[in-house]
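Heads up: the structure comes next, in structure tokens.
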Amino acid sequence: MNLEFQIKKKSGRNFSRCGEFCIRGIRVETPVFMPVGTYGAVKSVSPDEIYEIGYNLILANTYHLYLRPGHKVVENFGGLRGFTGFDRLFLTDSGGFQVFSLAKLREINENGVTFRSHIDGSLHCFTPELSMEVQNSLGADIIMAFDECPPGNADYEYVRKSIEITYNWAERSIEAHKRKEDQALFGIFQGGIYLDLRKESLAQITSLPFDGFAIGGLAVGEKKEDAYKIVEEMVHRMPEDRPRYAMGIGDPVDLLFYIKNGVDMFDCVMPTRNARNGQFFTYNGRFNIRNSRFTEDRLPLEEGCNCYSCRRFSKGYIRHLYFQNEILSHRLLTIHNLNFYCRFILDIKEAIRQDRLEEFESRFKSVFSETEEGQL
RNA sequence: GGGGUGGUAGUUAAGCUGGUUUAUAACGCCGGCCUGUCACGCCGGAGGCCGCGGGUUCGAAUCCCGUCCAUCCCG
């Protein structure tokens, strides 16, 4: 396809922008945050709830769905849409990152990567061709090219080789991907914390006809200042007329920084995984429901929040549910966190439209990051 | 009344044929972490006059005596 991406508003003071793209008639406004639904479900909440909270684009994982239940099974159900009932949009990860972060005994060569499943230890080989085939079977709306994601502490020589491989795999991904009407294909550039390799990789990947571009290999163990430096130097060099996607990024303070530098799309497990570990996000900072000071707290997770959890339940009750291992606590915390992220992105968009993102950022950070005691 | 068994962190237990310098563990409690999800996960911390009182010994949660409590069996 030829993904139409329109920029509606550009800041005059930084690289931030508001835009939108449309796939199968479903409009996505950017900046956009995508919740992660690894196995075709955002853990603990239903597709309807996801949509009602305000999301119409979620990420699902090629690697996981390939292992279970198998991409052919999903295909026979009519792809992820038919399988899950989430009648909106899916972006699928290529599997490259999972092989890096989950699989044991991986061996990378030009052809692809062989690894052992984290589930049963069985041997598999992923290639760009297979990744495209799997993502096609899954019926993803946005498909990611197969890349190699080096760890944050990888040395120069290793990363130099990895960008060559990533380039080779990007070309093969395009070749192997049978273009469908309503299916976008995004490329990913790498380069670790090395600016020259980043520039080289970006040039290589953007020479190919992708519908959008992602900056990969960030928040994978490198120092935060190194990541920030790369973002500052690189994002504004990414093609302006295509969506820019920062993979795996999701700390709220990071989101602001990345958006300010021109990123349009994000995905992250943070709101959902952290919810299941007791953490909830508010404009006053992040808190853990396990803390004993919430035992008798009759107030909602965040005062003024209009989400289902906050309309109906107190922190004291949710804390009780958490400690009794009641599934409901995971649901309520997840719903709230997803709602917070949604609200946060909406506020950011509004700030961009008014060209007040920097003020918004400093105000947000002054409260969110400084929270110590009794701010609720 | 006689006999058996047991009393060790908040809880449940291990250690108990005497001897490593800070008496273990699990759960609970307190706190931290989580960035393209092996994730109801991971890491750390606090907490014990080893029922009580004597005795033996260089040394006792461990052996002996007494005592209290719990529990079971027999009268």
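To find a chain, count down the sequence lines: A is the first, B the second, and so on, and within it residues start at 1.
- A donor-acceptor pair under 3.5 Å is formed between the side chain of A:Asn56 and the backbone N or O of A:Arg27.
- When Watson-Crick and G-U wobble pairs are counted only if both distances are under 3.5 Å, B:G75 pairs with no nucleotide at all.
- Taking atom CZ of A:Phe344 as the reference point, atom C1' of B:U35 lies 14 Å away to the nearest angstrom.
- Distance noted for atom C1' between B:G53 and B:C49: 13 Å (whole Å).
- In this structure, A:Ser94 reaches the bases: a heavy-atom distance under 4.0 Å links it to at least one base atom across the strands shown.
- Judged by distance alone, the side chains of A:Asp87 and A:Tyr51 never bring a donor and an acceptor atom under 3.5 Å apart.
- A:Asp93 comes within contact range of at least one nucleobase, with a heavy-atom separation under 4.0 Å.
- B:G59 is unpaired under the criterion used here, namely a Watson-Crick or G-U wobble arrangement in which both key atom distances are under 3.5 Å.
- A heavy-atom distance below 4.5 Å is not found between the side chains of A:Cys125 and A:Phe115.
- For B:U12 and B:C50, the C1' atoms lie 16 Å apart once the distance is rounded to whole Å.
- With a 3.5 Å ceiling on both atom-pair distances, B:G18 lacks any Watson-Crick or G-U wobble partner.
- A residue-by-residue look at A:Asp147 and A:Arg319 shows that A:Arg319 has its nearest nucleotide of RNA chain B further toward the 5' end.
- The CZ-P distance, from A:Phe280 to B:C33, rounds to 13 Å in whole Å.
- Under a 3.5 Å cut-off, the side chain of A:Asn109 and the backbone N or O of A:Gly112 do form a donor-acceptor pair.
- Using a 4.0 Å cut-off on heavy atoms, the residues of residues 214-241 of chain A that approach RNA chain B are A:Gly217, A:Ala219, A:Lys224, listed by number.
- Counting only N and O atoms by type, the side chains of A:Gln135 and A:Thr92 include a donor and acceptor under 3.5 Å apart.
- At the heavy-atom level, A:Gln324 lies nowhere under 4.0 Å from the strands shown.
- Going from the C1' atom of B:C74 to that of B:C65 covers 26 Å, rounded to whole Å.
- Formation of a donor-acceptor pair under 3.5 Å by the A:Thr127 side chain with backbone atoms of A:Asn111 is not found in this model.
- Residue A:Ser292 places at least one side-chain N or O under 4.0 Å from the OP1 or OP2 atom of B:G31.
- What separates CD1 of A:Ile289 from P of B:C33 is a distance of 16 Å, to the nearest Å.
- Among the atoms of the strands shown, none is found under 4.0 Å from any heavy atom of A:Ser44.
- Screening residues 7-17 of chain A for salt bridge (Lys or Arg N to Asp or Glu O under 4.0 Å), with sequence neighbours left out, gives A:Lys10-A:Glu240, A:Arg13-A:Glu358, A:Arg13-A:Glu359, A:Arg17-A:Asp264.
- Looking only at distances, no side-chain donor or acceptor of A:Arg160 sits under 3.5 Å from a matching main-chain atom of A:Asp155.
- Contacts of A:Asn61 with the nucleic acid, taken as non-hydrogen atoms under 4.0 Å apart, involve only primed sugar atoms and P, OP1 or OP2.
- Straight-line distance from the CG atom of A:Asn291 to the P atom of B:G45: 18 Å, rounded to whole Å.
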Distances for protein N or O near nucleotides 39-41 of chain B N or O, under 3.5 Å:
{"residue": "B:A39", "atom": "O2'", "partner": "A:Arg276", "partner atom": "NH1", "Å": "2.8"}
{"residue": "B:A39", "atom": "N1", "partner": "A:Arg273", "partner atom": "NH1", "Å": "3.4"}
{"residue": "B:C40", "atom": "OP2", "partner": "A:Arg276", "partner atom": "NH1", "Å": "3.1"}
{"residue": "B:G41", "atom": "N7", "partner": "A:Asn277", "partner atom": "OD1", "Å": "2.9"}
{"residue": "B:G41", "atom": "O6", "partner": "A:Arg290", "partner atom": "NH1", "Å": "3.3"}
{"residue": "B:G41", "atom": "O6", "partner": "A:Arg290", "partner atom": "NH2", "Å": "3.3"}

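- Between the side chains of A:Tyr228 and A:Asp254, at least one donor N or O lies within less than 3.5 Å of an accepting N or O.
- Taking atom CZ of A:Phe323 as the reference point, atom P of B:C27 lies 14 Å away to the nearest angstrom.
- Of all nucleotides present, only B:C29 satisfies the Watson-Crick or G-U wobble test against B:G45, with each distance under 3.5 Å.
- When the C1' atom of B:C34 is taken as reference, atom CG of A:Asp254 falls 13 Å away, rounded to whole Å.
- Under 4.0 angstrom from either OP1 or OP2 of B:U35 there lies no side-chain N or O belonging to A:Asn274.
- Between A:Phe186 atom CZ and B:G36 atom P there is a gap of 18 Å when expressed in whole angstrom units.
- Each of A:Tyr66, A:Phe97, A:Trp169 was evaluated against A:Phe126; a single residue qualifies, A:Tyr66, per the ring-ring contact (aromatic ring centres under 6.0 Å, His included) test.
- Between the side chains of A:Asp355 and A:Ser11, at least one donor N or O lies within less than 3.5 Å of an accepting N or O.
- For the C1' atoms, the distance linking B:U20 with B:U24 amounts to 15 Å, nearest Å.
- Pair check for B:G6 finds B:C69; Watson-Crick or G-U wobble, both atom distances under 3.5 Å.
- Nucleotides B:C58 and B:G1 are separated by 40 Å at their P atoms, to the nearest Å.
- Regarding A:Phe281, its CZ atom lies at a distance of 11 Å from the P atom of B:C33, rounded to whole Å.
- For the C1' atoms, the distance linking B:A46 with B:G7 amounts to 25 Å, nearest Å.
- On the C1' atoms, B:C34 is 47 Å away from B:A70, given to the nearest whole Å.
- On the P atoms, B:A13 is 31 Å away from B:C40, given to the nearest whole Å.
- A salt bridge between A:Lys161 and A:Glu164 is absent, with no side-chain N of the basic residue lying under 4.0 Å from a carboxylate O of the acidic one.
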